[in-house]
> 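Here you go, one structure.
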Amino acid sequence: MAVETLRARVAAPGRLFVLALSAAASLYVITVTGALVRLTGSGLGCESWPGCEKGAFFPAEDYHGFIEFGNRAFGAVPLVLTFTAWLVGRRSGLPPFARRIALATFLVTLAQAPIGLIVIATDLEPVAVVVHFTLALLALAGAILLVLEVRALDEGHAPTTAPLELRRAGLVLAAACLGLVVTGTFTTAAGPHSGDPDVGRLWVLDHAIWVHVRSAALFGLALVFVVGYLAARRATSPRLFTVGLVLLALAVAQAGVGELQWRTELPWGLVLVHVALAAAVWAATVVLVALLYRPLRSLEAGTTL
């Protein structure tokens with residue numbers, strides 16, 4: 001009886017929300033720290049697995065080893081949190097599709113460990129690095145969707161009032177955002193690399209930039225359409241319009257940092273900011289598109305939080 005009571009308390013919407021939010025935050029952080037490993041040339045800072053050195057679990061005094069090992073050690077946090085969120089979510093009132101999202105998020109997070117090993121074993125093969133980063137974005141998206149569904153357990157969903165064309169534009173926006181971020185990683189893999197000039201190259205830089213710029217244009221057009229549509233309907237969903245404005249501000253900042261990093265020959269600190277903003281733009285896009293389809297009660301006009 002005591003065990004069942006404990007499980008019920010942990011599965012309460014408020015506690016489950018904190019757990020899901022923590023999992024999403026940890027996945028965002030691990031995405032950024034993974035970029036830090038790459039940008040500082042620390043991808044091969046540890047020569048063994050799971051320990052850092054042969055015959056020694058912890059790294060030596062080389063800072064590359066500490067950066068790489070620190071990222072590995074922190075990787076246990078999202079793994080534990082996503083697993084716990086899935087386990088606890090099974091005993092909550094989450095709809096079946098949300099429980100499947102929680103499971104998928106955990107499995108993708110779990111898959112990152114062997115893929116990370118492949119990245120090391122192949123001496124930072126660019127394709128493996130791109131796959132590693134893309135899966136990190138998908139895991140982050142799953143965690144965010146779970147956060148929204150857990151939030152709905154407490155406050156409920158509002159009726160979907162977004163027109164069909166706006167919801168379809170939202171899907172285009174999400175696809176364009178994912179394409180923008182992924183083509184950005186291909187551009188990095190094709191061009192001069194901040195922190196590790198000796199790493200192998202993938203594709204041709206001019207071609208990668210051509211695709212990336214057009215992906216940015218598609219994302220920008222979709223974003224302007226969606227935010228403009230929300231502006232026209234802001235009396236009905238003012239908070240949803242605010243989410244759109246936040247995404248727009250992040251996208252503008254991302255574009256500005258992207259241009260600045262290119263003109264300053266890719267200093268790794270600035271590139272890290274660019275990656276952090278890219279992950280934030282992706283997260284905000286997932287939130288906005290999800291709310292177009294399954295809005296929360298708190299987004300309705302006149303509702304107090």
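It should be emphasised that the depicted structure is a prediction, and the values quoted were computed from it without experimental measurement.
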> Can a donor-acceptor pair be found, under 3.5 Å and without considering hydrogens, that links the side chain of Tyr293 to the backbone of Arg167?
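Side chain of Tyr293 to backbone of Arg167: a pair is present.
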
> Identify whether Leu180 and Leu173 are in the same connected component of the hydrophobic contact network (ILVMFWY, side-chain heavy atoms under 4.5 Å).
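Shared cluster, yes.
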
> Distance-only, no hydrogens or angles: does the Glu149 side chain make a donor-acceptor pair with backbone N or O of Ala98 under 3.5 Å?
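Between the backbone of Ala98 and the side chain of Glu149 there is no qualifying donor-acceptor contact (under 3.5 Å).
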
> Enter the distance from Thr82:OG1 to Leu27:CG here, rounded to the nearest 0.5 Å.
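Reported to 0.5 Å precision, the distance equals 6.5 Å.
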
> Could you check if a side-chain atom of Leu218 sits within less than 4.5 angstrom of a side-chain atom of Leu221, using non-hydrogen atoms only?
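In short, these two side chains do not touch, never coming nearer than 4.5 Å.
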
> Which atom names give the shortest non-hydrogen contact between Leu16 and Ala85, and what distance separates them?
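Nearest pair, atom of Leu16 first, then Ala85: CD1-O, 4.3 Å.
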
> Just by modelled atom types, is the Val257 backbone N or O under 3.5 Å from a matching donor or acceptor in the His274 side chain?
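No, His274 side chain to Val257 backbone: no donor-acceptor pair under 3.5 Å.
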
> Would a hydrophobic clustering, with Ile, Leu, Val, Met, Phe, Trp and Tyr connected at side-chain separations under 4.5 Å, put Leu171 with Val287?
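Yes, it is one cluster - the side chains of Leu171 and Val287 are joined through contacts under 4.5 Å.
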
> Apply side-chain contact (heavy atoms from CB on, under 4.5 Å) to residues Ile67 and Asn71 and explain how you reach the verdict.
CA-CA 6 Å; Ile67 292 175; Asn71 183 65; 5.8 Å; no

> Quick one: does Val281's side chain get under 4.5 Å of Phe219's, heavy atoms only?
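The answer is yes; the side chains approach within 4.5 Å.
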
> Could you walk me through whether Val172 and Phe225 pass the side-chain contact (heavy atoms from CB on, under 4.5 Å) test, one step at a time?
CA-CA 11 Å; Val172 173; Phe225 177 83; over 6 Å; no

> Treat each ILVMFWY residue as a node, draw an edge where side-chain heavy atoms are under 4.5 Å apart, and state whether Phe74 and Leu19 are in one component.
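Both belong to a single hydrophobic cluster.
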
> Taking Gln112 for its side chain and His132 for its backbone only, find out whether a donor-acceptor pair lies under 3.5 Å.
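It does hold such a pair.
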
> How long is the gap from CG on Leu291 to OG on Ser298, to the nearest 0.5 Å?
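Here the rounded value is 8.0 Å.
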
> Should Leu36 and Val181 be counted in the same cluster of Ile, Leu, Val, Met, Phe, Trp and Tyr side chains packed under 4.5 Å apart?
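Per the 4.5 Å side-chain linkage, Leu36 and Val181 are co-clustered.
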
> Please report the shortest heavy-atom distance between Ala284 and Leu250, naming the atom on each side.
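Smallest interatomic distance, heavy atoms only, reads CB-CD1, 4.0 Å.
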
> Is the side chain of Gln261 donor-acceptor paired with the backbone N or O of Pro267 at a distance under 3.5 Å, no angle test?
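Side chain of Gln261 to backbone of Pro267, a donor-acceptor pair under 3.5 Å: no, none is there.
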
> State, yes or no, whether a side-chain contact exists between Val213 and Thr183 at a heavy-atom distance under 4.5 Å.
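SC-SC contact between Val213 and Thr183 ruled out.
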
> Check Ala24 against Val147 and note the closest heavy-atom contact, atom names and distance.
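Heavy-atom minimum between the residues: CB-CG2, 4.1 Å.
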
> So, the side chain of His157 versus the backbone of Leu296: is there a donor-acceptor pair under 3.5 Å, distance only?
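The answer is no, because no donor-acceptor pair under 3.5 Å joins these two groups.
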
> Should Ile30 and Val80 be counted in the same cluster of Ile, Leu, Val, Met, Phe, Trp and Tyr side chains packed under 4.5 Å apart?
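Different hydrophobic clusters.
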
> Hey, is CZ on Arg168 packed in by over 12 heavy atoms from elsewhere, all under 6.0 Å?
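12 or below, so no.
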
> Could you go through the side-chain contact (heavy atoms from CB on, under 4.5 Å) check for Leu140 and Trp282 one step at a time?
CA-CA 9 Å; Leu140 177 60; Trp282 168 244; 4.1 Å; yes

> What pair of heavy atoms forms the shortest contact from Gly170 to Leu292, and how long is it?
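Gly170 and Leu292 have their closest heavy atoms at CA-CD1, 4.1 Å.
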
> Using side-chain heavy atoms (C-beta onward) and a distance below 4.5 Å, is Leu240 in contact with Leu288?
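Sidechains of Leu288 and Leu240: in contact.
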
> Once you round to the nearest 0.5 Å, how far does OH of Tyr28 lie from CD1 of Ile144?
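It comes to 10.5 Å.
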
> Taking C-beta and beyond as the side chain, do Arg90 and Leu87 meet within less than 4.5 Å on heavy atoms?
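Result yes, sub-4.5 Å side-chain heavy-atom pair found.
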
> Looking only at atom types and distance, does a side-chain atom of Ser237 sit under 3.5 Å from a main-chain N or O of Arg233, one as donor and one as acceptor?
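Judged by distance alone, no pair lies under 3.5 Å.
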
> Rounded to the nearest 0.5 Å, how far does CG of Leu247 lie from CG of Leu223?
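Spacing of CG (Leu223) from CG (Leu247) equals 5.0 Å.
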
> Quick one: does Trp86's side chain get under 4.5 Å of Thr105's, heavy atoms only?
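Sidechains of Thr105 and Trp86: no contact.
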
> Once you round to the nearest 0.5 Å, how far does CG of Leu153 lie from CG of Leu148?
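Answer rounded to 0.5 Å: 11.5 Å.
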
> To the nearest 0.5 Å, what is the distance between CG on Leu81 and OG on Ser22?
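Answer for the CG-OG pair, Leu81 versus Ser22, is 6.0 Å.
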
> Under a 3.5 Å distance rule, please check whether Thr134 uses its side chain to pair with a backbone N or O of Val131 as donor and acceptor.
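Between the backbone of Val131 and the side chain of Thr134 there is no qualifying donor-acceptor contact (under 3.5 Å).
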
> Which pair of heavy atoms, one from Val108 and one from Ala139, lies closest together, and at what distance?
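Closest pair (atom of Val108, atom of Ala139, distance): CG1-CB, 3.9 Å.
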
> Any idea which heavy atoms bring Ala128 and Ile115 closest together, and the distance?
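Of all heavy-atom pairs spanning Ala128 and Ile115, the closest is O-CG2, 4.3 Å.
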
> Counting C-beta onward and ignoring hydrogens, is there a side-chain heavy-atom pair between Arg99 and Ser92 closer than 4.5 Å?
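They are not in contact (no side-chain heavy atoms under 4.5 Å apart), so the answer is no.
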
> Within the 4.5 Å heavy-atom criterion, are Val227 and Phe241 side-chain neighbours or not?
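They are in contact (side-chain heavy atoms under 4.5 Å apart), so the answer is yes.
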
> Determine, stepwise, if the pair Leu178 / Val182 fulfils side-chain contact (heavy atoms from CB on, under 4.5 Å).
CA-CA 6 Å; Leu178 183 60; Val182 172; 4.1 Å; yes

